[in-house]
There are 2 protein chains.
Amino acid sequence: MNLKQLAEQLGLSQTTVSRALNGYPEVSDATRRRVQEAAQRFNYRPNARARSLATGNSMIVGHVIPVSDRHEMVNPVFMDFIAGAGECYTRAGYDILLSVVTDDDEARTYRRLAKDGIVDGVIVHGPRHEDPRVPLLQSLGLPFVVHGRTLATDPAFSWLDIDNTRSFRRATGLLTDLGHRRIALLNGLEWMDFAQRRREGYLQGLADAGLTMRPELMHSDEMTEDFGHDVAARLLDGSEPPTAFLVSSCITALGVRRAVETRGMSVGRDVSIVTHDDDLSYLGNRGDVPSFTATRSSVRQAGRRCAEILLGLIASRQEDQPTPPVQELWESQLLVGRSTGPARDRAEGTT
Amino acid sequence: MNLKQLAEQLGLSQTTVSRALNGYPEVSDATRRRVQEAAQRFNYRPNARARSLATGNSMIVGHVIPVSDRHEMVNPVFMDFIAGAGECYTRAGYDILLSVVTDDDEARTYRRLAKDGIVDGVIVHGPRHEDPRVPLLQSLGLPFVVHGRTLATDPAFSWLDIDNTRSFRRATGLLTDLGHRRIALLNGLEWMDFAQRRREGYLQGLADAGLTMRPELMHSDEMTEDFGHDVAARLLDGSEPPTAFLVSSCITALGVRRAVETRGMSVGRDVSIVTHDDDLSYLGNRGDVPSFTATRSSVRQAGRRCAEILLGLIASRQEDQPTPPVQELWESQLLVGRSTGPARDRAEGTT
DNA sequence: CAAACTTTTCAAAGCGCTTTGGTCGCGTAA
DNA sequence: TTACGCGACCAAAGCGCTTTGAAAAGTTTG
């Protein structure tokens, strides 16, 4: 059943039926009710493609997920982010178009989504420190929101980020306050913006305590469980093992814990761990005293908010009312759990 | 730049230009080259919405991801599955439309995707043992592939599943061969089809060894890390603790390991763990001797194959050549890792 | 050289919707 | 009574593409 048929059934014009269903005022209440009732009865639903061709809006937003070339790893946080964003989209009648692409395909994908008119806007995931996607999207004129940030805050674009620097500085401070002097950093890939900011925070935290950075304690890679285990194992077996680990992801932290525990040591007593926690739905760490001391920020909530912002941008563009970009910097929560305790320095023989 | 403008530029009709670009034979080679070259130069790209309105194909496939009402958990395996499927779609020029929905919205979502003509086909994720979505989709006439299976193999539809029963039977056998007699099962939600089949396999495995099932050792819930930890903790602290755990997900197995190790016991020596391993990109368990003994099957590869099958169905429908449904049952690999060893029965005081 | 094809190109009719620019009554003010 | 405004409805023109049916140009044949 399409609009034409429905209109014929009702003895009305397509115009009137369309207006009645879309809530335009120039239709009498009686007619509107009659139309709505008939639409229901015949199970009529407007064809989304035809509608979007006529209106110019596809009611679809794009999420372009980068997947690493090397390990083909796709960061599990995206799923939670999208789940959050999805709630918002669903309410507004939007759908998600997902593109999982390797780095070299990214620009091409954005161009395609924009120029073919497939989506009304996009969310940019996993921004690099200097990310060519921002100028690209600006030149394409497609509304977008970056989850995270890039170096250049100069060109005005919308983003939502957590204060990575500050939260890792505080986390480092928590460890130095406990007496830790050799703190390892297990970070994400170094060209990711968040990783650079976290390292910055870590370095500031060390400096705050008058400690000097040791390059051998700083590692960055994709945040897998293996990465955490392997690096921690190597460091713990070394001559001057760290007494604490500052980690960028719960998954990696689980790997660190594995390395600690298989060495007969205890997390929280012999070795401390602080991790960033995206509050993923399947990775607990809840409770009054979570098992990991963590800097927590819900990626799902970030997804919700990014979606809101994007829909706002899209709406304002449709109404030709340019709005200033939205930029939000969220504080993450520092939660003290069971994975931290006073430093026990094996290397120097102290307690 | 749209088709009309491009045609004017070239002094050709829209028809010819369209045909030239879409590879129809009734265009001379010279003209085709000229058109292609001009399209390139003017950076022309056909509008996807208009094209899909004209052809009736949207070049989009839907993935409807169920999200649990209770914990709002969204299973992390979906992301890897989609990454696999995405490779295939990209090659064929298809995009993914993602809907993350709670149970009660699922039927509505499928109806919408089908009737509004948004997608050309869908992948059904997380099938329940008796799943109303299968008859629904059949009645809608939308091509679909189920990742997993449902009870009714009777109505002919396409699916790809792993032999859950067999793999959990073998896993149980591995444990009983090692002398384990009290084996706990930590399974997914019981109405999920895979969970029922795995339980079936577990029970068969017990029966093979002449063991009787103990209800207090069988648990099923969402496969979070906490679930693994909490159940394992409770069981291990009980009077007759299990000597082995058979677990449905690596994440949950990590939780079990946490419970074991915080109790000063050693995985593989004091307590054995076998888990199903979806071969997720960020959850290692690789190497010659993986840390977890596991039944492994790559969910990413499943994604690739499901996508292939679905595109096949879509193509055959477009050509009005109905094909028989494709049904594939994959064997999963049983990998012996470091998490299993001979039973050490603390309860009975034996070694 | 005309008839009969084949090849190449085109005009126009969709696809199913929205939206512009009306018309047609009818009530109210001049 | 004429004029005007307004509410309720409609015909038709897009949106940008594909595809049908036909015409023009070029190539063989008898």
Side-chain angles (χ1 to χ4, degrees), chain A residues 1-36 38-39 42-60 93 112-120 318-320, chain B residues 1-36 38-39 42-60 93 112-120 318-320:
Chain A
M1 168 74 66
N2 59 23
L3 185 61
K4 193 174 171 186
Q5 294 166 336
L6 181 62
E8 273 166 12
Q9 277 288 334
L10 285 161
L12 289 169
S13 72
Q14 294 189 40
T15 311
T16 306
V17 176
S18 169
R19 299 212 135 130
L21 293 174
N22 291 319
Y24 282 72
E26 51 273 79
V27 175
S28 73
D29 278 1
T31 311
R32 166 160 297 139
R33 262 195 300 278
R34 201 161 65 91
V35 170
Q36 282 171 338
F42 292 115
N43 198 14
Y44 165 77
R45 316 211 48 187
N47 180 305
R49 298 190 294 235
R51 163 179 283 183
S52 92
L53 180 58
T55 59
N57 305 120
S58 63
M59 300 301 281
I60 297 181
R112 195 171 60 83
L113 295 183
K115 298 210 61 183
D116 300 3
I118 299 177
V119 301
D120 292 340
Q318 283 166 2
E319 294 154 13
D320 264 330
Chain B
M1 167 75 64
N2 59 22
L3 184 61
K4 192 172 171 187
Q5 294 167 337
L6 181 61
E8 275 166 12
Q9 278 287 334
L10 284 161
L12 288 169
S13 72
Q14 295 189 40
T15 313
T16 306
V17 176
S18 170
R19 299 211 136 132
L21 292 174
N22 292 319
Y24 281 72
E26 51 273 78
V27 175
S28 71
D29 278 1
T31 311
R32 167 160 297 140
R33 261 195 301 279
R34 199 160 67 90
V35 170
Q36 281 170 339
F42 293 116
N43 198 12
Y44 166 77
R45 319 212 45 189
N47 178 307
R49 298 189 295 236
R51 162 180 283 183
S52 94
L53 180 58
T55 59
N57 306 121
S58 63
M59 301 301 280
I60 297 181
R112 195 170 62 83
L113 295 183
K115 299 210 61 182
D116 300 5
I118 299 179
V119 301
D120 292 341
Q318 284 166 1
E319 292 153 15
D320 265 331

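Lettering follows sequence order; numbering is per chain, from 1. Nothing here was measured: the structure is a model prediction, and the numbers come from that model.
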Could you give the [atom1]-to-[atom2] distance, from [X] to [N], as a whole number of Å?
{"X": "B:Met59", "N": "D:dC17", "atom1": "CE", "atom2": "P", "value": "16 Å"}
{"X": "A:Leu6", "N": "C:dT18", "atom1": "CG", "atom2": "C1'", "value": "15 Å"}
{"X": "B:Lys115", "N": "C:dC17", "atom1": "NZ", "atom2": "C1'", "value": "16 Å"}
{"X": "A:Leu3", "N": "C:dT18", "atom1": "CG", "atom2": "P", "value": "7 Å"}
{"X": "B:Asn22", "N": "D:dT20", "atom1": "CG", "atom2": "P", "value": "13 Å"}
{"X": "A:Lys4", "N": "C:dT18", "atom1": "NZ", "atom2": "P", "value": "16 Å"}
{"X": "B:Asn2", "N": "D:dG16", "atom1": "CG", "atom2": "P", "value": "5 Å"}
{"X": "B:Ile118", "N": "C:dC17", "atom1": "CD1", "atom2": "C1'", "value": "14 Å"}

Output the single nucleotide from [options] whose closest atom is nearest the side chain of [X].
{"X": "A:Leu12", "options": "D:dG16, D:dC10, C:dA12", "value": "D:dC10"}
{"X": "B:Glu26", "options": "D:dC17, C:dT8, C:dC17", "value": "C:dT8"}
{"X": "B:Thr55", "options": "C:dG16, D:dT18, D:dC10", "value": "D:dT18"}
{"X": "A:Arg19", "options": "C:dC17, C:dT20, C:dT19", "value": "C:dT20"}
{"X": "A:Pro46", "options": "C:dT9, C:dC15, C:dC17", "value": "C:dC17"}

NA contact type, [X], heavy-atom cut-off 4.0 Å: base, sugar-phosphate, or nothing?
{"X": "B:Arg49", "value": "nothing"}
{"X": "B:Ser52", "value": "nothing"}
{"X": "B:Thr15", "value": "base"}

So B:Val17 and B:Tyr44, do their side chains get closer than 4.5 Å, heavy atoms only? no
Side-chain heavy atoms of B:Asn43 within contact of B:Met1, under 4.5 Å: no
Check this one for me: any side-chain N or O of [X] less than 4.0 Å away from OP1 or OP2 of [N]?
{"X": "B:Ser18", "N": "D:dT18", "answer": "yes"}
{"X": "A:Ser28", "N": "D:dC9", "answer": "yes"}
{"X": "B:Arg51", "N": "D:dT18", "answer": "yes"}
{"X": "A:Tyr24", "N": "C:dT19", "answer": "yes"}
{"X": "B:Asn47", "N": "D:dC15", "answer": "no"}
{"X": "A:Tyr44", "N": "C:dG16", "answer": "no"}

With no hydrogens and no angle check, is any side-chain donor or acceptor of A:Arg49 less than 3.5 Å from a backbone partner on B:Gly56?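 Answer holds: yes.
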Residue closer to the 5' end of DNA chain D, A:Ser13 versus B:Gln14 (nearest nucleotide): A:Ser13
5'-most by nearest nucleotide on DNA chain D - A:Thr16 or B:Thr16: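 By nearest-heavy-atom nucleotide position, the 5'-most residue is A:Thr16.
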Test side chain to side chain contact (heavy atoms under 4.5 Å, CB included) on A:Ile118 and A:Arg112; report intermediate values, then the result. CA-CA 8 Å; A:Ile118 299 177; A:Arg112 195 171 60 83; 3.7 Å; yes
Among A:Leu3, A:Val35, A:Val27, exactly one meets side-chain contact (heavy atoms from CB on, under 4.5 Å) together with A:Ser18. Which residue is that?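 With A:Ser18 as partner, side-chain contact (heavy atoms from CB on, under 4.5 Å) holds for just one option, A:Leu3.
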Determine, step by step, whether A:Arg51 and A:Asn22 satisfy the side chain to side chain contact (heavy atoms under 4.5 Å, CB included) criterion, reporting the C-alpha distance in whole Å, the side-chain angles of both residues, the deciding distance to 0.1 Å, and the verdict. CA-CA 12 Å; A:Arg51 163 179 283 183; A:Asn22 291 319; 3.2 Å; yes
